[in-house]
Amino acid sequence: YMTLFNSEIIGDKLINNFDKTLLEERHRKERIIMKLHDAIENDGFDIYYQPIFNWKKNKFEALEALIRFKNNGEEFFSPGEFIPIAEEEGLIFDIDEIVFEKVCRFIRNNDIAKYGVNFVDVNLSLLKLIDPSTVDRYVELISRYEVKPSFINLEITETAEGDEQYLSVVRQNISRFREKGFSFSLDDYGSGYSTVIYMAEMDTKIVKIDASILWNAMKNKKYFTVLENCVRLIYCFDKDCVCEGVETEKMAEILMKLGVQYFQGFYYSKPLPETEILKFLAEKNK
């Protein structure tokens with residue numbers, strides 16, 4: 001395959017050099033695809049939960065559900081690596097629904113309200129969102145598990161510039177979900193994907209500032225201005241603001257001064273499996 005070769009011209013000849021790195025990347029992708037298919041068929045995913053801190057109330061009020069492959073001592077693949085491949089292969093439809101159902105089961109089995117949690121963020125790919133059957137399917141699942149829709153906040157990311165017809169479908173399905181009692185958040189704001197226009201047009205109650213904005217702001221005054229204006233814009237649109245990637249006390253202090261109310265990051269907690277997150281909440285939300 002020509003894609004496994006690097007080409008260079010030496011003299012008047014085109015020389016193709018075999019690239020072992022490209023071959024390994026191809027094999028790794030093939031292993032991920034196989035593992036995704038196996039996990040979908042054989043319950044091979046775990047859900048971890050990262051708490052979201054409301055510093056004004058000194059309380060962890062929400063959780064974000066994050067998918068992981070079950071750890072069977074096999075090769076490790078991060079979500080940042082396997083989720084884009086799942087989207088590319090069309091497997092994200094099944095994965096989104098698996099995560100959603102597992103979260104519904106978690107909420108039902110553990111009465112998360114008694115731990116002080118108001119809702120759980122669940123990622124919803126835009127490919128799944130524009131599927132006309134998704135709203136009815138998710139409503140059927142929350143009914144089956146007797147979960148109030150207010151306990152679910154669907155998290156979306158705009159990763160491509162769609163035409164007006166595409167955006168119209170997105171808006172219509174968000175509206176249908178909201179009529180059923182679900183809420184929405186816009187993820188990765190400021191990363192270059194989610195634009196001001198998109199934030200203004202989408203009926204979301206929460207906007208999450210991408211971690212990269214915060215991290216760069218700690219090193220660069222220009223990025224600090226970006227962070228400052230992101231926060232201002234979000235509140236101008238009367239939305240709640242969550243900043244991701246909070247890793248130090250200094251970061252938290254800066255965000256407090258900017259008026260950000262909700263923090264998420266390793267400074268507070270890494271993502272935790274079900275049993276550990278419940279212990280964490282029982283201890284922290286006393």
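When reading the values below, keep in mind they use all heavy atoms of this one structure, side chains included, and skip hydrogens, waters and symmetry mates. Residue indices begin at 1 and follow the sequence shown. Note that the structure is predicted; figures quoted are calculated from it, not measured.
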*Do Asn173 side-chain atoms and Pro132 backbone N/O form a donor-acceptor pair below 3.5 Å?*
no

Got more than 12 heavy atoms from elsewhere within 6.0 Å of NZ, Lys205? yes

Would you find more than 12 non-hydrogen atoms of other residues, nucleotides or ligands less than 6.0 Å from Asn109 atom CG?
yes

Taken in chain and number order and not counting sequence neighbours, the residues that satisfy ring pair (Phe, Tyr, Trp, His ring centres under 6.0 Å) with Phe93 are none

Sorted by chain and residue number, the ring pair (Phe, Tyr, Trp, His ring centres under 6.0 Å) partners of Tyr268 (sequence neighbours excluded) come out as Phe53

Sorted by chain and number, sequence neighbours left out, ring pair (Phe, Tyr, Trp, His ring centres under 6.0 Å) with Phe82 holds for Phe69

With sequence neighbours left out, the residues meeting ring pair (Phe, Tyr, Trp, His ring centres under 6.0 Å) with Phe280 are Phe60

Look at the side chain of Asn220 and the backbone N and O of Asn216, then say whether any donor-acceptor pair between them is shorter than 3.5 Å.
no

Self-check item: Within the 6.0 Å centroid threshold, strictly below: Phe106 and Tyr49
Solution: yes

Is Tyr189 close to Asp210 at the side-chain level, that is, under 4.5 Å between some pair of heavy atoms? no

One should read off an interatomic distance between Ile47 CD1 and Leu272 CG, to the nearest 0.5 angstrom, of 14.0 Å

ring-ring contact (aromatic ring centres under 6.0 Å, His included) pairs touching residues 217-260, sequence neighbours excluded, are none

**Asked** Between Phe119 and Leu63, is any pair of side-chain heavy atoms under 4.5 Å apart?
**Response** no

Review item, side-chain donor-acceptor pairs of residues 260-267, under 3.5 Å, at least two apart:
residue	atom	partner	partner atom	Å
Gln261	NE2	Asn54	OD1	3.2
Gln264	OE1	Lys208	NZ	2.9
Gln264	NE2	Gln50	OE1	3.1
Gln264	NE2	Glu64	OE1	2.7

Run the salt bridge (Lys or Arg N to Asp or Glu O under 4.0 Å) check on Glu146 and Arg108 step by step: do they pass?
CA-CA 7 Å; Glu146 299 180 328; Arg108 181 198 64 186; over 6 Å; no

Val246 and Ala252 have their tightest heavy-atom pair at CG1-N, 4.1 Å

